[in-house]
2 protein chains.
Amino acid sequence: MTPSLANAPAIAPSPAIFNALALPSGRSTPSGPLLPWGDEACAYARDQVIFSEGDPASSVRIVTSGMVRISRMMADGRRQIVGFLQPGDMLGLAQTGTFLYSAEAVIPVTLRRLSRTQFDGLLERDFELRRRLLAVTATELQIAQEQMLLLGRKTAPERLASFLLSQARRKMVEPEDHCRISLPMTRTDIADFLGLTMETVSRAFTRLKTSRLIRLLPDQMVELVDINALTDLSEGC
Amino acid sequence: MTPSLANAPAIAPSPAIFNALALPSGRSTPSGPLLPWGDEACAYARDQVIFSEGDPASSVRIVTSGMVRISRMMADGRRQIVGFLQPGDMLGLAQTGTFLYSAEAVIPVTLRRLSRTQFDGLLERDFELRRRLLAVTATELQIAQEQMLLLGRKTAPERLASFLLSQARRKMVEPEDHCRISLPMTRTDIADFLGLTMETVSRAFTRLKTSRLIRLLPDQMVELVDINALTDLSEGC
DNA sequence: CGAATTGTTGAACCATATCAACCAGAGTGG
DNA sequence: CCACTCTGGTTGATATGGTTCAACAATTCG
């Protein structure tokens, strides 16, 4: 791990949040898949609901392609997105009874499943599995803590910079200048993740754009032009 | 469980956040303590630092008395408290290398310790221990998710109502009207937990007081006069 | 190509922050 | 026992970042 990430510890490889335990395929499973996922691939269209708050949590799932958003909703419609899930991230791991959040497809998604009972059986037997899950859950907690700092104390531009950097870290351990990331979610999704409105997110984007920290490219791509400046901004320096 | 808490699921018994895995002494350990904590009790005075961001995480600790706050800080001094720990809550469980947050005593605290190596050994061997830790970590994630909704989307009075109710649930599974809770932390601490300023917290307290939802009693005690109204408020109804 | 959706920009507004004054209780020392 | 100070809390006045409302531009999609 390179120096500039020395203080941004091992949370980079696993940005999924909440029961969406990340096992980025290539990286952390040198010995093959950790779990015997079912062969059947469930497909979901853009914006299709995968499950809703209150649904019985009958199986554990892993994202095999696409992007999933998981969110909590208040009675009057206020929404907080608690995570964006990408291939390798898992869903419903911590759930015992019913889901406490909803999951929807941001873009077309495929999942594989494992029945809850089968999963629990493996958990009971498999030594290594439990150690890994515990480690991953710990990582999730660190990410959640980081997100609390963001939501509780950061300004709008700081939040967006933090978000862009965290997305960049999903793709590469060490984001470089001029690296490009894809943001398939809408401005509204980003807003609901960062505790802002769509308009504020849009304005923050243009601010970053006009101050040459990022460039907006076609096809939902963003180029991070000045990683150092973005990092400083995200930390409030 | 009574109807009014039917939707506030089994998260009540374990409100500690982040590596502070809760094992409320009386309730969840019918078969004695889960871990062989050292006999030596470490004591800390009010506001004393227990450890800081970046310190090596050499041992796991359990709170035996008092209250601990764990927080993250930004370079310019902005602070986000990510949890208040009470007797039975654990510290440093998820830490592998160094702590990513600070811990300080809100009021005088005593802790017991278990060396990291000893803990890891137990974790390696003890089947049941790992299952329990996994379950507790999952609960922590749910609480963190709830806190994200609070920080991202709730108004100041909603945040305070949510906070008071969560504190009440620590004491009793089902908070009743006229129940009393102790809030030993300062208004500034509460503000840094709720993502607000001291002044806003103070004003929210007086609002709740004048609308007869709570009463402020001597000795940092608060009486929750109308639990239903507080619940409605906390959910934005 | 036209309609619908998503994103951008502008202007007014508002909840909360900021700044400042004041108050109450707890020590502290004469 | 009484000033005196210190800290934490309350309240008021003003400022402001972000929201809201509204118009418009750009994209996507049928």
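Chain identifiers are assigned alphabetically (A, B, ...) following the order of the sequence lines, protein sequences preceding nucleic acid strands; residue numbering begins at 1 within each chain. Small disclaimer: the values here were computed from a predicted structure and weren't measured.
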Chemist: Judged by atom type as modelled, is there a donor-acceptor pair below 3.5 Å linking the side chain of S202(B) to the main-chain atoms of M198(B)?
Modeler: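 Answer holds: no.
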Chemist: Indicate the atoms forming the closest heavy-atom contact of V109(B) with M67(B), along with that distance.
Modeler: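 Shortest heavy-atom contact: CG2-O, 3.2 Å.
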Chemist: Flag the pair D226(B) and R215(B) as a salt bridge only when some basic side-chain nitrogen lies within less than 4.0 angstrom of an acidic carboxylate oxygen.
Modeler: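 So D226(B) does not pair with R215(B) through a salt bridge.
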Chemist: Which atom names give the shortest non-hydrogen contact between T137(A) and A138(B), and what distance separates them?
Modeler: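 Closest approach of T137(A) to A138(B): CG2-N, 4.5 Å.
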Chemist: In this structure, how many angstroms lie between the P atom of dT16(C) and the CG atom of D192(B), rounded?
Modeler: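 Nearest whole value for this atom pair: 16 Å.
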Chemist: Reading nucleotides 25-30 of chain D 5' to 3', which nucleotides get B (base under 4.0 Å from a protein heavy atom), which S (sugar-phosphate only), which -?
Modeler: ------
Chemist: Between M185(A) and R69(A), does a side-chain contact (heavy atoms from CB on, under 4.5 Å) hold up when you go through it step by step?
Modeler: CA-CA 9 Å; M185(A) 68 292 280; R69(A) 63 172 170 258; 6.0 Å; no
Chemist: According to side-chain hydrogen bond (donor to acceptor under 3.5 Å, both in side chains), who are the partners of S102(B), at least two apart in sequence or on a separate chain?
Modeler: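 Once residues adjacent in sequence are excluded, S102(B) has no partner under the side-chain hydrogen bond (donor to acceptor under 3.5 Å, both in side chains) criterion.
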Chemist: Choosing from dG8(D), dT10(D), dT16(C), which nucleotide comes nearest the side chain of T186(B)?
Modeler: dG8(D)
Chemist: Need to verify one output field. Residue with the more 5' nearest nucleotide on DNA chain D, L216(B) or K154(A)?
Modeler: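 Mapping each residue to its closest nucleotide by heavy atoms, the 5'-most match is L216(B).
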Chemist: Checking R72(A) now: which residues fulfil side-chain hydrogen bond (donor to acceptor under 3.5 Å, both in side chains) with it, not counting sequence neighbours?
Modeler: E146(B)
Chemist: Could you check how far CG of D189(B) sits from P of dG9(D), rounded to whole Å?
Modeler: 9 Å
Chemist: Figure out the CG/P separation between L151(A) and dG17(D), and round it to whole Å.
Modeler: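 About 19 Å, once rounded to whole Å.
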Chemist: Would you work out how much the helix from dC1(C)-dG30(D) to dG30(C)-dC1(D) bends between its ends, with each end axis defined by five base pairs, to 10 degrees?
Modeler: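 Helix axis angle between the two ends: 30°.
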Chemist: Please give me every residue in residues 197-213 of chain B whose heavy atoms get under 4.0 Å of an atom in DNA chain D, ordered by residue number.
Modeler: M198(B), E199(B), S202(B), R203(B), T206(B)
Chemist: Between C1' on dT16(C) and CD1 on I190(B), what's the gap in Å once rounded to a whole number?
Modeler: 17 Å
Chemist: In sequence, state the C-alpha distance, the side-chain angles, and the governing distance for L164(B) and L208(B), and then conclude on side-chain contact (heavy atoms from CB on, under 4.5 Å).
Modeler: CA-CA 11 Å; L164(B) 293 174; L208(B) 291 185; 3.8 Å; yes
Chemist: Return the set of residues passing side-chain hydrogen bond (donor to acceptor under 3.5 Å, both in side chains) with R79(B) (not counting sequence neighbours), or none when no residue passes.
Modeler: D189(B), D192(B)
Chemist: Within this structure, what is the CG-to-P distance between L183(A) and dT6(C), rounded to whole angstrom?
Modeler: 16 Å
Chemist: If I take atom CZ from residue R78(A) and atom CD from residue E235(B), how far apart are they, to the nearest 0.5 angstrom?
Modeler: 11.0 Å
Chemist: When the distance from CG of L196(A) to C1' of dG7(C) is rounded to whole Å, what number comes out?
Modeler: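 To the nearest whole Å, that distance equals 16 Å.
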Chemist: For L194(B) and dA15(C), what is the distance between atoms CG and C1' respectively, to the nearest whole Å?
Modeler: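 L194(B) atom CG is separated from dA15(C) atom C1' by 16 Å.
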Chemist: As a quick check of understanding, evaluate side-chain contact (heavy atoms from CB on, under 4.5 Å) for L165(B) and I227(B), giving each step before the final call.
Modeler: CA-CA 8 Å; L165(B) 287 169; I227(B) 291 280; 4.0 Å; yes
Chemist: Taking atom P of dA4(C) as reference, at what distance in whole Å does atom CG of D47(A) sit?
Modeler: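 Spelled out: CG on D47(A) to P on dA4(C) is 18 Å.
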